[in-house]
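Numbered from 1 within each chain, the chains take letters A, B, ... in sequence-line order. On a predicted model such as this, the values are computed, not experimentally measured, just so you know.
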There are 2 protein chains.
Amino acid sequence: MMNEMEHLYNLLKETFIVIDDGDRRLFHRFGLTPPRFYVLLHVSEEPGISSSDLSQKLLCDKSNVTRIVKGLEATGYLERRPHESDGRAQRLYLTPQGAAICNEVHSAHTAYNIARLNSVDTAVQTTLIENLNRLHHLLQEELAQQTPPPNGHHLV
Amino acid sequence: MMNEMEHLYNLLKETFIVIDDGDRRLFHRFGLTPPRFYVLLHVSEEPGISSSDLSQKLLCDKSNVTRIVKGLEATGYLERRPHESDGRAQRLYLTPQGAAICNEVHSAHTAYNIARLNSVDTAVQTTLIENLNRLHHLLQEELAQQTPPPNGHHLV
DNA sequence: CCGCAACAGTTGATGTGTCAACTATATCAT
DNA sequence: ATGATATAGTTGACACATCAACTGTTGCGG
């Protein structure tokens, strides 16, 4: 019927979906989407970060960042300033409102994660982390040796 | 710095991303995308299934199915026939070409999953499945009791 | 049998993601 | 210095996802 590999595969996907759905709802309560929040978060952690660096952190295409930033700028959460020495680049900064909402949502998200993930006991948590770590490494190796990555991914 | 919950959270997301990226590349080799493939797969498993039922299996909105089906119909992989007793509904069937590509890609995907997930040894696999199962259950309960689900999700 | 709620499916608006092609600036080797 | 190459960011075209609003059918309670 369904072998172990398929089972593991499906479990991973479904677990992710549930987590992601919870995130989406949480962010929605604050008028944000996951990508918008994660842009704010990264900018708050590294003020002045460039769009390119951001796209690498988010594991998505640069063009995607361009448009998300545009939206956040329109909402008044983010601003772009020209890079002082590189004429191509720009630097991203949070506005005061952006910083405020980012802190607020970040706390809520952390609390939510504690609430939802703390229900598994510590022992399970630890082995889960160990095992996922191993799997994650193996998968990444496997992918890396496959081909030069086109551009792929689609995080958060 | 980073507590256990955050760690687990990030690991789950990143692991999923790597898996998903591999999938995307695999399907791409056959001129398919993940959503298109999964529509074909479900129709092959349940010929005559309706769009509504499909959207529930895929955990996505009906309107999404409408458009994916439209695309697959245009490619000649799928056809729609009116439901014999319900004037609102339609039945979905694979064309011979659709059935052929579906089988081909399905085998390739299974083989790929075996290759990539078999590198973790059986013991790890087993505990991983157990622990993920537990986590998955808890998360789902948590989500379910939260609110009447709007429509959410975004599988595969 | 009639009116109305539920359901199947479509459409439009919008956000997110990809890729490919482009502009403009930087960098590096000669 | 100049010319090839790389990098930063934008844009256009398209796929996929949501939600909200709509059309038609079904089915059910009066």
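- Contact annotation for B:S85: backbone-only contact, meaning every heavy-atom pair under 4.0 Å involves sugar-phosphate atoms and none involves a base.
- The nucleotide whose nearest atom lies closest to any side-chain atom of B:S63 is, among D:dT11, C:dT16, C:dG12, C:dG12.
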**Q.** Steps toward salt bridge (Lys or Arg N to Asp or Glu O under 4.0 Å) verdict (B:D21, B:R25)
**A.** CA-CA 6 Å; B:D21 192 46; B:R25 295 194 205 188; 3.2 Å; yes

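- Counting to the nearest Å, the P atom of C:dG15 and the CG atom of B:D61 are 17 Å from each other.
- Contact annotation: side chain of A:R36 to base of C:dT14, donor-acceptor pair absent below 3.5 Å.
- When each of B:T110, B:L40, B:L32, B:L41 is tested with B:V105 by the rule side chain to side chain contact (heavy atoms under 4.5 Å, CB included), just one qualifies, namely B:L32.
- One hydrophobic cluster holds both B:L128 and B:L11 under the rule that ILVMFWY side chains link at heavy-atom gaps under 4.5 Å.
- Per the geometry, CD belonging to B:E84 stands 14 Å off C1' belonging to C:dA8, to the nearest Å.
- Computed from coordinates, the A:D53 CG to D:dA8 P distance equals 7 Å when rounded to whole Å.
- Judged by distance alone, with hydrogens and angles left aside, B:R25 brings no side-chain donor or acceptor close enough to the base of C:dT18 to form a pair under 3.5 Å.
- Residue B:R24 contributes atom CZ, which lies 18 Å from atom P of C:dT16 at whole-angstrom precision.
- Taking every side-chain heavy atom of A:T66 into account, D:dT10 is the closest of C:dT18, D:dT10, C:dA26.
- Atom CG of A:D20 is separated from atom C1' of D:dC16 by 14 Å (rounded to the nearest Å).
- The number of heavy atoms from other shown groups lying within 6.0 Å of NE2 (B:H83) is above 12.
- Between the P atom of C:dG9 and the NE2 atom of B:H83 lies a distance of 9 Å, rounded to the nearest Å.
- Nucleic acid contact class of B:S52 (heavy atoms, under 4.0 Å, all strands): sugar-phosphate only.
- Comparing D:dT10, D:dC16, D:dG9 against the side chain of A:R80 picks out D:dT10 as the nearest.
- Phosphate proximity of C:dT11 to B:K70: present, with a side-chain N or O under 4.0 Å from OP1 or OP2.
- A straight line from CG of B:L58 to P of D:dA17 spans 8 Å, rounded to a whole angstrom.
- By the 4.0 Å N-to-carboxylate-O rule, B:D20 lies too far from B:R24 to be salt-bridged with it.
- The distance between atom CG of A:L59 and atom C1' of C:dT18, rounded to the nearest whole Å, is 14 Å.
- Side-chain atoms of A:R88 come within donor-acceptor range of the base of D:dT7, with a qualifying N/O pair under 3.5 Å.
- At the heavy-atom level, B:S51 lies under 4.0 Å from the strands shown only through sugar-phosphate atoms.
- Taking the six-membered ring where the residue is Trp, B:H109 and B:F27 present tilted rings, their angle falling between 30° and 60°.
- With hydrogens and angles ignored, no donor-acceptor pair under 3.5 angstrom links the side chain of A:R91 to the base of D:dG9.
- Of all nucleotides listed (C:dA26, D:dT18, C:dC19), D:dT18 comes nearest to the side chain of B:N64.
- Positionally, the nearest nucleotide of DNA chain C for A:T33 lies more toward the 5' end than for the other of A:T33 and A:G87.
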